[in-house]
Amino acid sequence: MISPRFKKKYLFLLFFVFQFFLMFYISWCPAEDLSRMEKLVLIYQKQIMTQEIELKKLKVTRSKIYYRTEQKVLPKYIKDLPYIYAITPTYTRLEQKAELTRLSQTLLHIPNFHWIVIEDATTKTELVTKFLKNSGLNYTHLNALTPKHYKLEEKDPNWLKPRGVLQRNAGLEWIVTNQNSKSNGVIYFMDDDNTYSLKLFDEIRFTEKVSVWPVGLSGGLRFESPIVTNNEVTNWFVFWKPERPFPMDMAGFAINLKFFLQYPEARFSLRVQRGYQESTLLSQLHVKLNDLEPKANDCKEILVWHTRTEKTKLKNEDKLKLKYGHGSDLSIEV
Ligand code: UDP
Ligand code: MN
């Protein structure tokens with residue numbers, strides 16, 4: 001097949017050669033021949049324009065084919081490798097698609113990965129539905145609404161009420177219903193705004209009961225972490241509420257699937273004190289401190305960060321409306 005670039009060059013060359021002979025002819029030909037020639041030139045110019053449009057279309061098609069091929073070569077399934085079941089609560093806000101894009105593009109690098117995404121909404125939104133469909137990932141899409149009186153108000157500080165509780169429970173419910181004690185895997189609670197190193201997933205995949213590791217930028221410290229002595233967790237490096245049974249962040253532990261299925265009723269709760277979600281769930285699994293498996297180089301490496309995205313202020317949308325009568329185009333999904 002002739003490459004588009006070669007074809008384009010070839011067309012232009014032909015056009016210039018033709019122009020040259022045309023000029024040469026015009027210099028001595030009679031008048032009626034001239035008008036005929038002008039018509040011919042117009043016809044040829046039109047043909048070239050059509051060809052150029054065709055070439056542009058060809059280029060677009062080629063880039064699409066390339067993109068699809070790229071997706072296909074991703075390492076999605078490796079035989080006998082335990083699965084990672086990641087549970088991600090998410091909710092509608094201006095930054096949602098950006099968060100999900102960043103997260104999903106990390107997840108595309110992980111083999112044997114199943115993403116359980118639970119929207120805090122009465123119904124599944126079109127944005128998330130379309131997003132997941134085009135993500136190239138294995139996923140399950142659910143929704144579970146947080147009752148209004150439990151939901152954060154615009155002015156509330158973000159620690160006032162629990163976030164993602166019913167959504168994580170819906171994720172666990174799906175696992176209990178759809179997986180059995182033959183499934184090899186690990187459960188990980190993965191908020192949509194954190195930052196995850198790919199190295200983390202290699203470490204946690206082989207969790208036997210419950211594995212733990214430090215979380216960067218958490219609890220008002222540079223990091224919070226389990227304290228490890230002789231390969232065993234002996235204490236916790238935290239400032240906030242160290243008296244909690246398991247004083248750690250949601251991003252700092254993973255549970256073996258078979259082990260969880262021994263306590264299939266274990267769930268998070270809307271009715272616990274602030275900071276006690278992790279402790280509530282792990283207490284129901286009857287794990288003791290020395291059961292915990294330290295990961296990330298004996299908890300000396302940070303492989304996940306509790307990042308928070310700044311809330312975007314649309315301060316110029318109103319100004320735009322005042323000046324031009326309309327804001328930015330709402331039919332464009334952001
Ligand atoms: N979330 C939710 N509904 C809400 C607020 C948050 O489902 O009303 C989700 C959010 O998308 C995230 C998780 O719950 O995956 C934790 O929320 P957030 O990141 O706001 O909590 P923080 O990091 O501040 O503790
Ligand atoms: Mn967060």
Side-chain angles (χ1 to χ4, degrees), residues 85-107 115-125 127-129 131-132 135 137 139-174 187-197 200 214-224 238-241 244 246-254 267-270 272-281 302-312 334:
Y85 293 90
I87 296 180
T88 301
T90 187
Y91 70 108
T92 302
R93 76 269 198 205
L94 201 53
E95 301 79 12
Q96 184 180 33
K97 196 175 179 185
E99 304 282 25
L100 292 177
T101 299
R102 180 169 44 198
L103 181 55
S104 70
Q105 289 177 1
T106 296
L107 305 182
W115 199 18
I116 307 164
V117 179
I118 314 98
E119 287 194 71
D120 186 350
T122 33
T123 49
K124 291 171 195 135
T125 63
L127 187 145
V128 178
T129 307
F131 179 85
L132 288 171
S135 70
L137 290 161
Y139 67 89
T140 295
H141 184 190
L142 307 169
N143 64 289
L145 183 75
T146 307
K148 186 133 182 46
H149 58 285
Y150 279 112
K151 199 134 177 138
L152 278 177
E153 298 295 323
E154 187 79 6
K155 282 174 246 87
D156 288 343
N158 73 346
W159 42 258
L160 195 71
K161 287 165 191 166
R163 276 139 288 153
V165 173
L166 296 187
Q167 295 70 36
R168 292 187 194 104
N169 280 351
L172 289 174
E173 199 67 48
W174 183 88
I187 303 168
Y188 182 38
F189 301 102
M190 208 174 182
D191 286 357
D192 63 359
D193 56 342
N194 292 338
T195 306
Y196 304 87
S197 160
L200 179 71
V215 177
L217 317 177
S218 175
L221 299 177
R222 288 176 64 243
F223 65 90
E224 287 182 317
V238 288
F239 182 79
W240 189 61
K241 293 192 179 180
R244 290 174 289 168
F246 297 95
M248 59 173 161
D249 191 82
M250 202 60 79
F253 68 97
R267 294 291 182 276
F268 295 102
S269 167
L270 283 171
V272 295
Q273 267 189 66
R274 247 172 73 207
Y276 276 75
Q277 289 300 336
E278 298 81 357
S279 297
T280 302
L281 188 81
I302 309 294
L303 299 177
V304 55
W305 296 262
H306 193 165
T307 42
R308 287 202 176 100
T309 302
E310 190 186 3
K311 206 169 157 42
T312 312
V334 175

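For ligands, and for the atoms within them, numbers begin at 1 and follow the listed sequence. Numbering starts at 1 and runs along the sequence shown. Quick caveat, the model's predicted, so the values are computed rather than measured.
Not a single heavy atom of Thr88 sits under 4.0 Å from any atom of ligand 1.
Under 4.0 Å from ligand 1, not a single heavy atom of Glu119 appears. Heavy atoms from both the backbone and the side chain of Asp191 come within less than 4.0 Å of ligand 1. Residue His306 touches ligand 1 through its side chain alone, judged by heavy-atom distances below 4.0 Å. For Asp120, every heavy-atom contact with ligand 1 shorter than 4.0 Å involves the side chain, none the backbone.
Thr88 places no side-chain N or O within 3.5 Å of a backbone atom of Val117 that could act as its donor or acceptor partner. Glu278 contributes a side-chain N or O that, together with a main-chain N or O of Met250, makes up a donor-acceptor pair within less than 3.5 Å.
For ligand 1, the polar-atom distance check against Arg168 finds no nitrogen or oxygen pair separated by under 3.5 Å. The distance criterion of under 3.5 Å between nitrogen or oxygen atoms is not met by Thr146 with respect to ligand 1.
Here the Mn ion (ligand 2) has protein N, O or S atoms under 2.8 Å from it, and they come to 2.
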**Study point:** Full working for side-chain hydrogen bond (donor to acceptor under 3.5 Å, both in side chains) between Gln167 and Thr90
**Key:** CA-CA 8 Å; Gln167 295 70 36; Thr90 187; over 6 Å; no
Practice item. With side-chain contact (heavy atoms from CB on, under 4.5 Å) as the test, would you mind laying out the steps for Glu310 and Glu95 before giving the verdict? Key: CA-CA 9 Å; Glu310 190 186 3; Glu95 301 79 12; over 6 Å; no
Exercise for review: Just do the side-chain contact (heavy atoms from CB on, under 4.5 Å) check on Leu172 and Ile187 with the steps written out, would you?
Suggested key: CA-CA 9 Å; Leu172 289 174; Ile187 303 168; 4.3 Å; yes
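Using cut-offs of 30° and 60° on the angle between ring planes, the pair Tyr85 and Trp174 is tilted. Taking the six-membered ring for Trp and thresholds of 30 and 60 degrees, Phe253 and Phe189 have ring planes inclined between 30 and 60 degrees apart.
In the candidate list Ala121, Gly164, Ala251, Gly164 is nearest to atom 14 (O) of ligand 1, counting heavy atoms.
Close approach to Asp193 involves these atoms of ligand 1, each under 4.0 Å from a residue heavy atom: 19 (O), 23 (O).
Between Thr309 and Asp193, the side chains place no donor N or O within less than 3.5 Å of an acceptor N or O (distance only, hydrogens not considered).
The existence of a salt bridge linking Asp191 and Arg308 is excluded, since no basic side-chain nitrogen approaches an acidic carboxylate oxygen closer than 4.0 Å.
For Arg93, the CZ atom sits in a packed shell: over 12 heavy atoms of surrounding residues, nucleotides or ligands are nearer than 6.0 Å.
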